[in-house]
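Written below as structure tokens is the structure these notes are about.
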Amino acid sequence: MRFSREELLDTISSISYVSNLRDFNFDKNLVSFNIAFYFDGLNEEITFEVTINSQYPFKFSGSETISFRNIDLIEYSHVMNDGSVCFHNQHCIDFRQKLIQDFDAIKSWVTKYIVKEEKDSHYEHLIVNNGTFEGSHYSYQFTDVKESFKKGEFGTVSLKLLIDSPYCQSRINNYLVQSFTDSSSFAIKNCDWNSYYIDSSQSEQGLYVFIKNAPAINERFSFDDWNNFEDLIDQEFLQYLSRYMIGIRSTHNSKLPLPLFIGFHTKDRTIHWQVALINVNENIFEGLTDINGKYIYKLRNKSITWAMTNNSSYSYFFGRGSFNERLTNSKILIIGVGAVGSNVAKTLTRCGCRNISLADYDIKKPENICRSEYEFIYAYANKVDELRTLLYNISPFIDVDIIQGSLTQYIKIEAYARELAAGIETIFSNYDYIFDCSTDDDLMYILDNLNVTADIINLSITNHAESLVCGVSPNTYKFVRHQFDNILKNDVKDLYNPIGCWSPTFKASYNDISTLVQFALKHINIMVSNKKLNSFVINQDNNYEYLKVSKF
């Protein structure tokens, strides 16, 4: 133990609202005792069984190493099925301070949920004992759908296998739900993924039934036995399920489960799906015959194997942090997806952008990987093709178009043929923002002279990544060239000269580039939020201790 018996007893004696310490046991691995809480507002004292592990006051695997249990309180919020109160406290290495802090947390919980009888406004997920099927775990990702579900509705679920991967000491098969098809109307209800996932070939099929109310005990603990559903699932679906299982037994891979999606409303009226894994070669029914000779389907007293399910709707997927909606809902074109452009593309994708087009004629080679967002597994590839795949792997909500080949060369050749320039201007005006990351001064000059409605943002980095210049239309060319020609230090002699006969490139590590690009995108997002885009320059001080933004 990191604390002594005397320290523990002395600290407990200083807490005014606890008393009647009994059944005290102290050894090197575990401390346990019972203690009563009583304070104003309580009608009677509440006794908790307290256990403290040897790691205390440190947490272990992100969890508290002290627990407070009372199985009689299981009906209240944030009480686990063993009666322990679920709480998370702030880090503290001082034993006495930490113990008082944790006792205060339980006092606050009692006050909120027992004395004041408050209810949480947010949805609290069911506590589910997830299991394995044939030694493997299964997970299913879904989104909210535009259509509604009515009680008793059932049908099929279209599934796409994402990938199987290591999970704890086992493997996990990860699936995405493409759509739900109502068995009576054959109406298809698509999940809100991008077309890449919705339109891809179905891997497998499952079933669904919507029961409206959560399959839970005390609103939190999921059913653990099939016969718990006796009053929630009607005979029509049970007959459908039985016939479906019989129909696929001869063709079904016995190593794969049949996933049954059980849908219900949460507190905020959204729909959640909990997936039960069914072995089609095992009977989950008991057959009974009523007085009229009609076959009645009854679920057996058999335990349920629950899979992991997750509502990955856009609001949850990016709920921890996204860019401003003015940016994420915009149509964005990125020209040049090398070190800078690929970083911009991935960041915009991770920050919730839904619609990005990529334009580049270049091929990704292995030596490009060290400072861009590409991967070695695609040793040689078209930059736009590989990056599109990588962006789809990040976000299931982004739609990515690619403009491959000679776009920039075409612009240069035809830019001054007025009738063709007008066509280019129309194409570019379909976008809200154009990020020019090409480091092509000729292209920058031409873009600056086109009549387009999109905001053009040019991002250029000096050699050794000493500075980043962000030029915003109009007059992008004049601003950027003025910075490089007259203001900034840009050593064009100390460049990287690769093998072969082609233009040398600037020196900078992935860390150098991404630091400046991330800082620039942060300021661009702020400016978009404020509806005012300005050109700016990011400079590092001579000691690399800070970055300074100069706005123009």
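Side-chain atoms are counted along with the backbone in the values below, which use heavy atoms only and exclude waters and symmetry mates.
- A donor-acceptor distance shorter than 3.5 angstrom exists from the side chain of S535 to the backbone of V472, with no hydrogens or angles considered.
- Within the 3.5 Å criterion, the main-chain N or O of D199 finds no donor-acceptor partner in the side chain of S195.
- For K212, the NZ atom is loosely surrounded, since the number of other residues' heavy atoms within 6.0 Å does not exceed 12.
- The shortest heavy-atom contact between I457 and C470 is CG2-SG, 3.6 Å.
- Scanning all heavy atoms of the two residues, the minimum distance from C92 to Q101 falls at CB-OE1, 4.2 Å.
- Residues L277 and Y138 form a side-chain contact, since some pair of their non-hydrogen atoms from C-beta on lies under 4.5 Å apart.
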As a quick check of understanding, evaluate ring pair (Phe, Tyr, Trp, His ring centres under 6.0 Å) for H78 and F87, giving each step before the final call.
CA-CA 8 Å; H78 306 291; F87 75 102; over 10 Å; no
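- Looking only at side-chain heavy atoms (C-beta outward), L348 and I334 come within less than 4.5 Å of each other.
- Within the structure, ring-ring contact (aromatic ring centres under 6.0 Å, His included) pairs that include any residue of residues 150-188 comprise H137-Y167, Y140-Y175, F149-F180, F154-F237, F154-Y240, F180-Y208, F180-W273 (at least two apart or interchain).
- Within a 6.0 Å radius of CD in Q90, no more than 12 heavy atoms belonging to other residues, nucleotides or ligands are found.
- The closest side-chain donor-acceptor pair between Y546 and Q540, if any, does not fall under 3.5 angstrom.
- A 4.5 Å side-chain heavy-atom check between N173 and L162 finds every atom pair outside the cut-off.
- Interatomic distance, L459 CG to I538 CD1, rounded to the nearest 0.5 Å: 8.5 Å.
- The side-chain tip of R354 points at the ring of Y314 from less than 6.0 angstrom away and within 45° of straight on.
- Although no hydrogens or angles enter the test, the distance criterion places a donor-acceptor pair under 3.5 Å between the side chain of S185 and the main chain of A187.
- Under the 3.5 Å distance criterion, the side-chain polar atoms of N382 are left unmatched by any main-chain donor or acceptor of V384.
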Take E153 and V209 through the side chain to side chain contact (heavy atoms under 4.5 Å, CB included) test and state the conclusion after the steps.
CA-CA 6 Å; E153 179 185 328; V209 59; over 6 Å; no
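- In summary, E386 and K364 engage in a salt bridge, as defined by a charged side-chain N under 4.0 Å from a carboxylate O.
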Go through it in stages, so that I can follow the logic: the residues are I461 and V340, the test is side chain to side chain contact (heavy atoms under 4.5 Å, CB included), and I'd like the CA-CA distance, side-chain angles, deciding distance and then a yes or no.
CA-CA 8 Å; I461 291 179; V340 174; 3.8 Å; yes
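- Between the T143 side chain and the S313 main chain, no donor and acceptor come within less than 3.5 Å of each other.
- Checked by atom type, the side-chain pair Y374/S342 shows no donor-acceptor distance below 3.5 Å.
- Under the side chain to side chain contact (heavy atoms under 4.5 Å, CB included) criterion, D512 pairs with A465, A508, S509, sequence neighbours left out.
- Under the 4.5 Å side-chain criterion, counting only non-hydrogen atoms from C-beta, H482 is in contact with I487.
- A distance of 8.5 Å separates CD1 in I513 from OG in S372, rounded to the nearest 0.5 Å.
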Could you pull out all donor-acceptor pairs under 3.5 Å where a side-chain atom in residues 516-529 meets a protein atom, sequence neighbours excluded?
from : atom 1 : to   : atom 2 : distance (Å)
Q518 : NE2    : N343 : OD1    : 3.0
Q518 : NE2    : T347 : OG1    : 2.7
N525 : OD1    : N324 : N      : 2.9
S529 : OG     : N324 : ND2    : 3.3
S529 : OG     : N525 : O      : 2.8

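- Aromatic ring centres of F142 and H272 lie closer together than 6.0 Å.
- How far OG of S438 is from CG of D360: 8.5 Å, rounded to the nearest 0.5 Å.
- Taking a 6.0 Å sphere around CG of N129, one finds it holds 12 or fewer heavy atoms contributed by other residues, nucleotides or ligands.
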Given the rule in the side chain to side chain contact (heavy atoms under 4.5 Å, CB included) test, do M444 and V480 qualify, once you have shown the distances and angles that lead to the verdict?
CA-CA 9 Å; M444 177 172 59; V480 174; 3.7 Å; yes
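- Separation of atoms CD1 (I398) and CH2 (W193) is listed at 14.5 Å; rounding is to 0.5 Å.
- In summary, the side chains of N458 and S460 do present a donor paired with an acceptor at a separation below 3.5 Å, with no hydrogens or angles considered.
- Annotation: the span from Y244 atom OH to L207 atom CG amounts to 5.0 Å, rounded to 0.5 Å.
- With S473 contributing its side chain and I456 its backbone, the two residues share a donor-acceptor pair below 3.5 Å.
- In terms of heavy-atom proximity, C437 sits nearest to G336 at CB-O, 3.4 Å.
- Residues L358 and I356 are in side-chain contact: their nearest non-hydrogen atoms beyond the backbone lie under 4.5 Å apart.
- Counting heavy atoms from C-beta outward, L488 and E466 have side chains that stay 4.5 Å or more apart.
- You'll find the side chain of Y197 stays beyond 4.5 Å of the side chain of Q178, heavy atoms only.
- In this structure, L159 and L176 have side chains that are not in contact, with every pair of non-hydrogen atoms separated by 4.5 Å or more.
- Here the closest non-hydrogen pair linking I332 and Y431 is C-CD2, 3.8 Å.
- Considering only residues two or more places apart in sequence or on other chains, F479 meets the ring pair (Phe, Tyr, Trp, His ring centres under 6.0 Å) condition with F552.
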Report the C-alpha separation of I335 and F435 in whole Å, then their side-chain angles, then the decisive distance to 0.1 Å, and conclude whether the side chain to side chain contact (heavy atoms under 4.5 Å, CB included) test is met.
CA-CA 6 Å; I335 302 177; F435 285 83; over 6 Å; no
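- To the nearest 0.5 Å, atom CG of residue L333 and atom CG of residue D436 are 9.0 Å apart.
- At least one donor-acceptor pair under 3.5 Å links the side chain of T389 to the backbone N or O of D385.
- By the ring pair (Phe, Tyr, Trp, His ring centres under 6.0 Å) test, Y392 is found to be paired with Y196, residues two or more places apart in sequence or in another chain being considered.
- For K331, the salt bridge (charged side-chain N to carboxylate O under 4.0 Å, His left out) test picks out no residue, with sequence neighbours left out.
- Counted by atom type alone, N174 and S165 present one or more donor-acceptor pairs between their side chains at under 3.5 Å.
- Proximity of a side-chain donor or acceptor of S139 to a complementary backbone N or O of T309 within less than 3.5 Å is not detected.
- Formation of a donor-acceptor pair under 3.5 Å by the D448 side chain with backbone atoms of Y477 is found in this model.
- The minimum heavy-atom distance linking N89 with K59 is given by the pair O-NZ, 2.6 Å.
- A donor-acceptor pair is defined here as one N or O able to donate and one able to accept, closer than 3.5 Å; such a pair exists between the side chain of S395 and the backbone of F397.
- The heavy-atom pair separating A345 from L391 by the smallest distance is O-CD2, 3.8 Å.
- For the 3.5 Å distance criterion, the side chains of S136 and T132 fail to qualify, holding no donor opposite an acceptor.
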